[in-house]
Enquirer: 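One structure is given below, represented as C-alpha coordinates, and several questions about it will come after.
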Amino acid sequence: MPELAEVFYFAKQWDVGQGQLIADVALHEKSRVFRGCDVAALQSGLIGQKLRAFRTHGKQMLFEFSNGHWLGLHLGMTGDLKSRPQPYTPEKHDHLVLNTKKLALVFTDPRMFGRVQYFCGKALPEPWLKLPPQPMDEGFTLPRVQSILQRHPKTPLKALLLDQRYFPGVGNWMADEVMWQMRLLPTTPAGELEAKQTSALRKTLKKVCEVALKTIGMDWSDPPESWLFLHRWDKNKSCPRCGVGLVKEDLRGRTACWCPACQR
DNA sequence: CATCATGTTATAAT
DNA sequence: CATTATAACATGAT
(Lines give C-alpha, C1' and ligand atoms only; values in the text may rest on other atoms or scores of the structure.)
Protein backbone atom coordinates (compact mmCIF):
# COMPACT_ATOMS: atom_id res chain seq x y z
CA MET A 1 0.00 0.00 0.00
CA PRO A 2 2.85 2.41 0.38
CA GLU A 3 3.06 5.73 -1.42
CA LEU A 4 4.95 8.83 -0.32
CA ALA A 5 3.14 9.46 2.98
CA GLU A 6 2.73 5.79 3.87
CA VAL A 7 6.42 5.21 3.24
CA PHE A 8 7.31 8.03 5.62
CA TYR A 9 4.97 6.65 8.26
CA PHE A 10 6.42 3.14 7.96
CA ALA A 11 10.00 4.41 8.13
CA LYS A 12 9.11 6.21 11.34
CA GLN A 13 8.03 2.93 12.89
CA TRP A 14 11.69 1.99 13.25
CA ASP A 15 12.53 5.28 14.93
CA VAL A 16 12.00 3.80 18.41
CA GLY A 17 15.14 1.77 17.72
CA GLN A 18 17.28 4.84 17.17
CA GLY A 19 20.51 4.73 19.17
CA GLN A 20 20.08 1.06 19.98
CA LEU A 21 22.71 -1.56 19.27
CA ILE A 22 21.89 -4.14 16.59
CA ALA A 23 22.72 -7.40 18.38
CA ASP A 24 21.56 -9.72 15.62
CA VAL A 25 20.23 -9.65 12.07
CA ALA A 26 17.78 -12.37 11.07
CA LEU A 27 16.95 -12.82 7.40
CA HIS A 28 15.76 -15.22 4.72
CA GLU A 29 18.69 -15.15 2.36
CA LYS A 30 16.87 -16.71 -0.59
CA SER A 31 14.01 -14.23 -0.50
CA ARG A 32 13.40 -12.22 -3.64
CA VAL A 33 13.58 -8.95 -1.70
CA PHE A 34 17.37 -9.42 -1.47
CA ARG A 35 17.86 -9.60 -5.25
CA GLY A 36 21.16 -7.94 -6.07
CA CYS A 37 22.01 -7.46 -2.39
CA ASP A 38 25.17 -8.72 -0.69
CA VAL A 39 23.41 -10.40 2.21
CA ALA A 40 26.58 -11.48 3.99
CA ALA A 41 27.94 -7.93 3.91
CA LEU A 42 24.65 -6.61 5.21
CA GLN A 43 24.63 -9.04 8.08
CA SER A 44 28.22 -8.58 9.19
CA GLY A 45 28.09 -4.86 8.50
CA LEU A 46 25.09 -4.08 10.67
CA ILE A 47 25.67 -6.36 13.64
CA GLY A 48 27.27 -4.37 16.44
CA GLN A 49 26.21 -1.02 14.98
CA LYS A 50 23.67 1.45 16.26
CA LEU A 51 20.73 2.71 14.23
CA ARG A 52 21.37 6.38 13.76
CA ALA A 53 18.83 8.07 11.49
CA PHE A 54 16.45 7.60 8.63
CA ARG A 55 15.27 9.53 5.61
CA THR A 56 12.76 8.91 2.88
CA HIS A 57 12.46 10.14 -0.68
CA GLY A 58 9.38 9.26 -2.65
CA LYS A 59 8.90 5.56 -2.03
CA GLN A 60 12.52 4.97 -1.04
CA MET A 61 13.74 4.64 2.56
CA LEU A 62 17.30 4.90 3.82
CA PHE A 63 18.57 4.05 7.31
CA GLU A 64 21.98 5.17 8.52
CA PHE A 65 24.09 3.24 11.02
CA SER A 66 26.88 4.23 13.39
CA ASN A 67 29.63 2.88 11.12
CA GLY A 68 28.34 5.20 8.40
CA HIS A 69 26.87 2.38 6.35
CA TRP A 70 23.34 2.34 4.97
CA LEU A 71 20.30 0.13 4.65
CA GLY A 72 17.96 0.94 1.76
CA LEU A 73 14.41 -0.37 1.74
CA HIS A 74 11.57 -0.28 -0.76
CA LEU A 75 8.17 -1.58 0.29
CA GLY A 76 6.88 -2.62 -3.11
CA MET A 77 3.16 -3.24 -3.07
CA THR A 78 2.70 -5.00 0.27
CA GLY A 79 5.77 -4.13 2.35
CA ASP A 80 5.46 -3.06 5.97
CA LEU A 81 7.85 -1.93 8.71
CA LYS A 82 7.08 -2.42 12.37
CA SER A 83 8.81 -2.69 15.70
CA ARG A 84 7.98 -5.34 18.27
CA PRO A 85 9.19 -6.05 21.79
CA GLN A 86 11.63 -8.90 22.44
CA PRO A 87 11.48 -11.81 22.41
CA TYR A 88 10.18 -11.78 18.85
CA THR A 89 9.45 -14.84 16.75
CA PRO A 90 9.68 -14.04 13.00
CA GLU A 91 6.51 -14.61 11.02
CA LYS A 92 6.04 -16.11 7.58
CA HIS A 93 6.83 -13.06 5.46
CA ASP A 94 9.37 -11.35 7.72
CA HIS A 95 12.37 -11.07 5.41
CA LEU A 96 14.61 -8.94 7.59
CA VAL A 97 14.62 -8.47 11.35
CA LEU A 98 17.09 -6.22 13.17
CA ASN A 99 17.21 -7.38 16.77
CA THR A 100 18.26 -5.08 19.57
CA LYS A 101 18.14 -6.04 23.23
CA LYS A 102 14.65 -4.63 23.62
CA LEU A 103 13.24 -4.44 20.10
CA ALA A 104 12.76 -6.31 16.86
CA LEU A 105 12.73 -4.01 13.83
CA VAL A 106 10.83 -5.97 11.20
CA PHE A 107 10.53 -5.73 7.42
CA THR A 108 7.60 -7.81 6.14
CA ASP A 109 6.41 -8.21 2.55
CA PRO A 110 4.14 -11.08 1.39
CA ARG A 111 4.36 -10.37 -2.33
CA MET A 112 8.07 -9.62 -2.25
CA PHE A 113 7.93 -6.78 -4.76
CA GLY A 114 9.86 -4.81 -2.15
CA ARG A 115 13.61 -4.61 -1.99
CA VAL A 116 16.51 -4.51 0.47
CA GLN A 117 19.81 -2.81 -0.37
CA TYR A 118 23.00 -2.48 1.62
CA PHE A 119 25.45 0.32 0.97
CA CYS A 120 28.96 0.30 2.40
CA GLY A 121 30.94 3.52 2.62
CA LYS A 122 30.19 6.64 4.57
CA ALA A 123 29.18 8.78 1.63
CA LEU A 124 25.52 9.00 0.73
CA PRO A 125 24.75 6.02 -1.55
CA GLU A 126 25.05 6.73 -5.25
CA PRO A 127 21.32 6.39 -6.04
CA TRP A 128 20.60 9.06 -3.41
CA LEU A 129 22.93 11.68 -4.86
CA LYS A 130 20.81 12.92 -7.72
CA LEU A 131 17.17 12.33 -6.91
CA PRO A 132 14.35 13.98 -8.83
CA PRO A 133 12.50 16.57 -6.74
CA GLN A 134 9.38 15.38 -4.93
CA PRO A 135 6.22 17.39 -5.63
CA MET A 136 6.56 19.29 -2.33
CA ASP A 137 10.27 20.08 -2.85
CA GLU A 138 11.82 23.39 -3.98
CA GLY A 139 13.06 21.97 -7.25
CA PHE A 140 9.62 20.89 -8.39
CA THR A 141 9.23 23.96 -10.56
CA LEU A 142 6.70 24.88 -13.20
CA PRO A 143 9.25 24.70 -16.05
CA ARG A 144 10.15 21.21 -14.89
CA VAL A 145 6.53 20.06 -14.96
CA GLN A 146 6.02 21.68 -18.35
CA SER A 147 9.00 19.91 -19.87
CA ILE A 148 7.90 16.54 -18.45
CA LEU A 149 4.47 16.92 -20.05
CA GLN A 150 5.95 18.08 -23.34
CA ARG A 151 8.26 15.13 -23.42
CA HIS A 152 5.43 12.61 -23.10
CA PRO A 153 2.58 14.28 -24.97
CA LYS A 154 0.65 11.12 -25.75
CA THR A 155 0.90 9.37 -22.41
CA PRO A 156 -2.32 9.43 -20.36
CA LEU A 157 -1.62 11.94 -17.61
CA LYS A 158 -2.62 9.56 -14.83
CA ALA A 159 -0.12 6.99 -16.09
CA LEU A 160 2.59 9.63 -16.35
CA LEU A 161 2.01 10.65 -12.72
CA LEU A 162 3.03 7.13 -11.70
CA ASP A 163 6.48 7.55 -13.29
CA GLN A 164 8.94 7.72 -10.41
CA ARG A 165 11.55 9.52 -12.50
CA TYR A 166 9.27 12.54 -12.55
CA PHE A 167 6.86 12.29 -9.63
CA PRO A 168 8.68 10.31 -6.93
CA GLY A 169 6.31 9.08 -4.26
CA VAL A 170 3.13 9.35 -6.29
CA GLY A 171 1.29 6.03 -6.47
CA ASN A 172 -2.05 4.81 -7.67
CA TRP A 173 -4.32 6.50 -5.16
CA MET A 174 -2.43 9.80 -5.24
CA ALA A 175 -2.49 9.90 -9.03
CA ASP A 176 -6.24 9.25 -9.08
CA GLU A 177 -6.69 11.86 -6.36
CA VAL A 178 -4.81 14.49 -8.33
CA MET A 179 -6.77 13.77 -11.51
CA TRP A 180 -10.03 13.97 -9.57
CA GLN A 181 -9.09 17.25 -7.89
CA MET A 182 -8.07 18.60 -11.29
CA ARG A 183 -11.43 17.48 -12.76
CA LEU A 184 -9.58 15.79 -15.62
CA LEU A 185 -10.13 12.30 -17.01
CA PRO A 186 -7.20 9.97 -16.23
CA THR A 187 -6.82 9.32 -19.95
CA THR A 188 -6.18 12.99 -20.76
CA PRO A 189 -3.02 13.08 -22.91
CA ALA A 190 -0.26 14.84 -20.98
CA GLY A 191 0.46 17.11 -23.92
CA GLU A 192 -3.06 18.52 -23.96
CA LEU A 193 -2.81 20.54 -20.76
CA GLU A 194 -3.02 24.29 -21.15
CA ALA A 195 -0.62 26.56 -19.29
CA LYS A 196 -3.15 27.26 -16.59
CA GLN A 197 -3.83 23.56 -16.08
CA THR A 198 -0.13 22.76 -15.88
CA SER A 199 0.25 25.29 -13.13
CA ALA A 200 -2.77 23.82 -11.35
CA LEU A 201 -1.30 20.33 -11.71
CA ARG A 202 1.86 21.39 -9.92
CA LYS A 203 -0.10 22.99 -7.10
CA THR A 204 -2.45 20.04 -6.73
CA LEU A 205 0.43 17.56 -6.59
CA LYS A 206 2.13 19.67 -3.95
CA LYS A 207 -1.04 19.96 -1.88
CA VAL A 208 -1.91 16.25 -2.06
CA CYS A 209 1.62 15.32 -0.93
CA GLU A 210 1.70 17.85 1.89
CA VAL A 211 -1.73 17.02 3.28
CA ALA A 212 -1.05 13.28 3.00
CA LEU A 213 2.18 13.74 4.95
CA LYS A 214 0.39 15.70 7.68
CA THR A 215 -2.29 13.05 8.09
CA ILE A 216 -1.26 9.56 6.96
CA GLY A 217 2.44 10.34 7.27
CA MET A 218 2.11 11.76 10.78
CA ASP A 219 -0.19 9.30 12.52
CA TRP A 220 -2.01 7.24 9.84
CA SER A 221 -5.08 9.44 10.19
CA ASP A 222 -7.32 10.01 7.18
CA PRO A 223 -6.96 12.82 4.67
CA PRO A 224 -10.00 15.15 4.39
CA GLU A 225 -13.31 13.44 3.78
CA SER A 226 -13.87 15.77 0.85
CA TRP A 227 -11.08 13.93 -1.01
CA LEU A 228 -11.62 10.99 -3.30
CA PHE A 229 -9.30 8.95 -1.09
CA LEU A 230 -11.83 7.68 1.46
CA HIS A 231 -14.49 6.91 -1.11
CA ARG A 232 -12.62 5.09 -3.84
CA TRP A 233 -12.67 1.74 -2.03
CA ASP A 234 -16.27 1.94 -0.83
CA LYS A 235 -18.57 -0.80 -1.99
CA ASN A 236 -21.18 1.61 -3.37
CA LYS A 237 -18.62 4.19 -4.28
CA SER A 238 -19.83 7.59 -5.33
CA CYS A 239 -18.17 10.92 -6.00
CA PRO A 240 -17.88 13.01 -2.81
CA ARG A 241 -18.33 16.13 -4.96
CA CYS A 242 -21.42 15.33 -7.03
CA GLY A 243 -22.69 11.95 -5.83
CA VAL A 244 -22.45 10.24 -9.19
CA GLY A 245 -21.18 6.65 -9.14
CA LEU A 246 -17.42 6.33 -9.54
CA VAL A 247 -15.94 4.31 -12.38
CA LYS A 248 -13.12 1.79 -12.03
CA GLU A 249 -11.28 0.70 -15.12
CA ASP A 250 -7.88 -0.58 -16.11
CA LEU A 251 -5.52 2.03 -17.50
CA ARG A 252 -2.11 0.81 -18.60
CA GLY A 253 -2.21 -2.12 -16.21
CA ARG A 254 -3.38 -0.24 -13.11
CA THR A 255 -6.87 0.42 -11.82
CA ALA A 256 -7.97 4.00 -12.40
CA CYS A 257 -10.89 5.36 -10.39
CA TRP A 258 -12.71 8.51 -11.48
CA CYS A 259 -15.98 10.39 -11.57
CA PRO A 260 -17.59 10.28 -15.02
CA ALA A 261 -19.55 13.46 -14.28
CA CYS A 262 -16.91 15.78 -12.75
CA GLN A 263 -13.89 14.71 -14.78
CA ARG A 264 -13.66 15.72 -18.40
C1' DC B 1 -12.01 -21.30 -9.01
C1' DA B 2 -11.63 -16.44 -10.92
C1' DT B 3 -10.58 -11.75 -10.05
C1' DC B 4 -8.25 -8.08 -7.91
C1' DA B 5 -4.53 -5.54 -5.27
C1' DT B 6 -1.76 1.85 -2.88
C1' DG B 7 4.75 -1.18 -7.64
C1' DT B 8 8.60 -1.80 -10.69
C1' DT B 9 11.06 -3.48 -14.64
C1' DA B 10 12.48 -6.17 -18.73
C1' DT B 11 11.18 -6.47 -23.23
C1' DA B 12 8.60 -5.47 -27.37
C1' DA B 13 6.57 -2.39 -30.52
C1' DT B 14 6.16 2.25 -32.68
C1' DC C 1 17.58 6.51 -30.26
C1' DA C 2 13.22 8.16 -27.73
C1' DT C 3 8.73 7.16 -26.47
C1' DT C 4 4.84 4.13 -25.60
C1' DA C 5 2.68 -0.39 -24.35
C1' DT C 6 2.54 -4.91 -22.28
C1' DA C 7 3.77 -8.93 -19.53
C1' DA C 8 5.80 -10.72 -15.63
C1' DC C 9 6.95 -10.98 -10.91
C1' DA C 10 4.41 -13.76 -5.89
C1' DT C 11 0.93 -13.94 -2.54
C1' DG C 12 -3.36 -13.15 -0.10
C1' DA C 13 -8.09 -11.41 0.14
C1' DT C 14 -12.72 -11.63 -1.64
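Because the structure is predicted, anything quoted here is derived from the model rather than measured. Letters A, B, ... are given to chains in the order of the sequence lines, protein chains preceding strands, and every chain is numbered from 1.
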Enquirer: Tell me if the aromatic rings of A:H152 and A:Y166 count as close, with their centers under 6.0 Å from one another.
Expert: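 They qualify: ring centres under 6.0 Å apart.
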Enquirer: Measuring from the side chain of A:H74 (C-beta onward, heavy atoms only), which nucleotide among B:dG7, C:dT11, B:dA5 has the closest atom?
Expert: B:dG7
Enquirer: Rounded off to whole Å, could you give me the CZ-to-P distance for the A:R111 and C:dA8 pair?
Expert: 15 Å
Enquirer: Which comes earlier along DNA chain C counting from the 5' end, the contact point of A:R252 or that of A:F113, where each point is its nearest nucleotide?
Expert: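 The residue whose closest nucleotide sits nearer the 5' end is A:R252.
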Enquirer: Mind calculating the distance between CG (A:D176) and P (B:dG7) to the nearest angstrom?
Expert: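 The distance from CG of A:D176 to P of B:dG7 comes to 10 Å, rounded to the nearest Å.
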Enquirer: Report yes or no: do A:D94 and A:Y88 form a side-chain donor-acceptor pair below 3.5 Å?
Expert: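 Present: a donor and an acceptor within the cut-off.
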Enquirer: With no hydrogens and no angle check, is any side-chain donor or acceptor of A:E177 less than 3.5 Å from a backbone partner on A:L228?
Expert: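 Answer holds: yes.
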Enquirer: Is it true that a side-chain atom of A:Q86 and a backbone atom of A:K102 form a donor plus acceptor pair closer than 3.5 Å?
Expert: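 Not confirmed, A:Q86 side chain does not pair with A:K102 backbone.
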Enquirer: Strictly below 4.0 Å: does A:K59 bring a side-chain N or O up to OP1 or OP2 of B:dG7?
Expert: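 So the side chain of A:K59 is within the cut-off, an N or O lying under 4.0 Å from OP1 or OP2 of B:dG7.
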Enquirer: Looking at the side chain of A:R32, which of C:dA10, C:dA5, B:dT9 is the nearest nucleotide?
Expert: C:dA10
Enquirer: Take atom CD of A:E3 and atom C1' of B:dT8, then tell me their distance rounded to the nearest Å.
Expert: 14 Å
Enquirer: Please give the distance between the P atoms of B:dT8 and C:dA13 as a whole number of Å.
Expert: 23 Å
Enquirer: Nearest to the side chain of A:K92 - C:dT4, C:dG12, B:dA5?
Expert: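 Nearest listed nucleotide: C:dG12.
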Enquirer: Send over the distance from A:M77 CE to C:dG12 C1', rounded to a whole Å.
Expert: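 Distance check: A:M77 CE to C:dG12 C1' gives 12 Å.
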Enquirer: As a test of reading the structure: which of B:dG7, C:dT4, C:dG12 is closest to the side chain of A:T155, going by heavy atoms?
Expert: C:dT4
Enquirer: Can a side chain N or O of A:H152 be found less than 4.0 Å away from OP1 or OP2 on C:dT4?
Expert: yes
Enquirer: Kindly confirm or rule out a cation-pi arrangement of A:R183 over A:W258, judged by NZ or CZ under 6.0 Å from the six-membered ring centre and within 45° of its axis?
Expert: no
Enquirer: Distance check needed: C:dT4 P versus A:L149 CG, whole Å only.
Expert: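 It is 11 Å, rounded to the nearest whole Å.
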Enquirer: Take atom CG of A:L251 and atom P of C:dT4, then tell me their distance rounded to the nearest Å.
Expert: 14 Å
Enquirer: Would you please confirm or rule out a distance under 4.0 Å between OP1 or OP2 of B:dA5 and any side-chain N or O of A:T78?
Expert: no
Enquirer: Does a side-chain N or O of A:H93 approach OP1 or OP2 of C:dT11 to a distance below 4.0 Å, or not?
Expert: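 For A:H93, the contact criterion (side-chain N or O under 4.0 Å from OP1 or OP2 of C:dT11) is not met.
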Enquirer: Check whether A:W70 reaches the backbone of A:G68 with its side chain - one donor and one acceptor, N or O, closer than 3.5 Å.
Expert: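 Checking the backbone N and O of A:G68 against the side chain of A:W70, a donor-acceptor pair under 3.5 Å is found.
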Enquirer: Write down the partner of C:dA10 under the Watson-Crick or G-U wobble criteria, each distance required to be under 3.5 Å.
Expert: none
Enquirer: Less than 4.0 angstrom between a side-chain N/O of A:Q164 and OP1 or OP2 of B:dT8, yes or no?
Expert: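 The answer is yes; a side-chain N or O of A:Q164 sits under 4.0 Å from OP1 or OP2.
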Enquirer: Roughly how many Å is it from NZ in A:K30 to P in C:dA10, rounded to a whole number?
Expert: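 Distance check: A:K30 NZ to C:dA10 P gives 14 Å.
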Enquirer: Does the base of C:dA2 carry an N or O that pairs as donor and acceptor with the side chain of A:R151 under 3.5 Å?
Expert: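 No, no donor-acceptor pair under 3.5 Å.
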Enquirer: Rounding to an integer number of Å, can you tell me how far A:K154 NZ sits from B:dA13 P?
Expert: 18 Å
Enquirer: In terms of side-chain heavy atoms of A:P153, which of C:dT4, B:dT8, C:dG12 is nearest?
Expert: C:dT4
Enquirer: Describe the nucleic acid contact of A:G253 in one word from base, sugar-phosphate, nothing, applying a heavy-atom distance below 4.0 Å.
Expert: nothing
